[in-house]
J.: 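Input: one structure, supplied below.
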Amino acid sequence: MKFFADTADTVAIQDLEDTGLLDGVTTNPSIIAKSGANFLERIAEISKICKGPVSAEVAATDYDTMVKEADKLASIADNIAVKVPLTEAGLKVCKGLRDNGTMVNVTLCFSAGQALLAAKAGASFISPFVGRLDDISQDGLGLIEDIVTIYDNYNFKTEVLVASVRHPMHIIDSAKIGAHVMTCPPSVIKQLYKHPLTDKGLAAFVKDWDATGQSIL
Ligand code: G3P
C-alpha cells in the first residue's frame, strides 16, 4: 500500500520523507487555504521534497478554465498529479490530460458509479472520501470494497487512493481490502507506530540490559 501525506506542511512532509514512508502527497483547496502559502510556490516546493505523485487541484469548475489551470499545474513539475472533481466537466478534463500523459487524481468520489466513470475516463487515481461518508453514517469502507471489486473485475489501471482518512483503522481496513494508496495527515501515519505493549516491552528490555552493566560499544 502506498502512503501519501494529505497536507501542504513542508516540515511534516520532509519529516515523513526522512522516514522513507512517503510515497506521495495530496493537497486540496482547503488544505492550501489552511497553510496560508502561495499555492503554486508551495506545490513547487513539495514536488522537490517528494519524488512521488504530488496532487494539485484545479480551482475552477468549468471545462475551459479547468483545462487552462490543469496545464499550468502540470507544468510545475513532472511528478504533479492534477486533481479534478468528479463532475462531467472534470472527467472530460481528465480524459484529455491522460491522453497527453499527465497524471490525474479524480477527487470528491462518494459512489461506486462515480468511480466507474473515473476509471473509464482513464484516471490515474480515484479518491473516495471514506471519512466524510462515515461522518454521515454511511459505509465508507464498503465503498472502497465495491470500487476495488469493480476495478478488479475489468482490470482497470486506475489506482484506488483512499482519502478523508480519519484514523489508523481506515488505513488497516483499506489495506485488507486491497486499496492501492491511502492519503492522510502525517499524524495518522505516526499513530500506526504506537502500541502500549511495544512501549512496555522496550522499557523492560532497557531496564534488564542496564542491569547487566554491559555495553555493546
Ligand atoms: O484531500 C482529500 C481528502 O483527504 C480530504 O479529507 O479530512 O477534508 O475529509 P477531509
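Along the sequence shown, the residues carry numbers beginning at 1. Ligands are counted one by one from 1 in listed order, and the atoms in each one are counted from 1 as well.
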J.: Once rounded to the nearest 0.5 Å, what's the spacing between atom CD of Glu45 and atom OG1 of Thr10?
T.: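 Separation between the atoms: 5.5 Å.
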J.: For atom 1 (O) of ligand 1, what is the nearest protein heavy atom, given as residue, atom name and distance?
T.: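 Here the closest protein heavy atom is Asn28 ND2, 2.8 Å.
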J.: Please list, in number order, the atoms of ligand 1 under 4.0 Å from a heavy atom of Lys83.
T.: 1 (O), 2 (C)
J.: Is any N or O atom of Thr107, backbone or side chain, closer than 3.5 Å to an N or O atom of ligand 1?
T.: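 Looking only at distances, the answer is no, because the N/O contact criterion of under 3.5 Å is not met.
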J.: Examine Met103 and Leu86 and state if one hydrophobic cluster contains both, with Ile, Leu, Val, Met, Phe, Trp and Tyr joined whenever side-chain heavy atoms are less than 4.5 Å apart.
T.: no
J.: If we only count N/O pairs under 3.5 Å, is Thr27 in contact with ligand 1?
T.: no
J.: Output yes when a side-chain donor or acceptor of Tyr151 lies under 3.5 Å from a complementary backbone atom of Ala115, and no otherwise.
T.: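 Yes; at least one donor-acceptor contact below 3.5 Å.
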J.: I'd like to know if the side chain of Asp146 pairs up with that of Thr149 as donor and acceptor (distance under 3.5 Å, no hydrogens or angles considered).
T.: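 The criterion, which ignores hydrogens and geometry beyond distance, is not satisfied for Thr149 and Asp146.
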J.: Report yes if some N/O of Thr183 lies less than 3.5 Å from some N/O of ligand 1; otherwise report no.
T.: no
J.: Does Asp6 reach ligand 1 with a nitrogen or oxygen that is under 3.5 Å from one of the ligand's nitrogen or oxygen atoms?
T.: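 Asp6 vs ligand 1: N/O contact under 3.5 Å present.
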J.: Among protein heavy atoms, which sits nearest to atom 8 (O) of ligand 1, and what does the distance come to when rounded to 0.1 Å?
T.: Arg132 NH2, 2.8 Å
J.: Find the distance between CG (Leu141) and CG (Asp134) and round it off to the nearest 0.5 Å.
T.: 6.0 Å
J.: Identify, for atom 2 (C) of ligand 1, the protein heavy atom at the shortest distance, and state residue, atom and that distance.
T.: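 Result: Phe129 CZ, 3.4 Å.
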J.: Tell me which protein heavy atom sits closest to atom 7 (O) of ligand 1, plus the residue, atom name and distance to 0.1 Å.
T.: Arg166 NH1, 2.8 Å
J.: Would you give the length of the straight line joining atom CD of Gln114 to atom CD1 of Ile147, rounded to the nearest 0.5 angstrom?
T.: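 Between Gln114 CD and Ile147 CD1, I get 8.5 Å after rounding to 0.5 Å.
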J.: Tell me which one of Asn105, Thr107, Thr26, Asn28 satisfies side chain to side chain donor-acceptor pair (under 3.5 Å) with Ser55.
T.: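 Only one option passes, and that is Asn105.
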J.: Quick one: nearest non-hydrogen protein atom to atom 6 (O) of ligand 1, plus distance?
T.: Ser164 CA, 3.3 Å
J.: What is the ring orientation for His167 with His170, classed by angle as parallel under 30°, tilted 30 to 60°, or perpendicular over 60°?
T.: parallel
J.: Using heavy atoms and a threshold below 4.0 Å, how should the contact between Met182 and ligand 1 be classified: side chain, backbone, both, or neither?
T.: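 No part of Met182 comes within reach of ligand 1.
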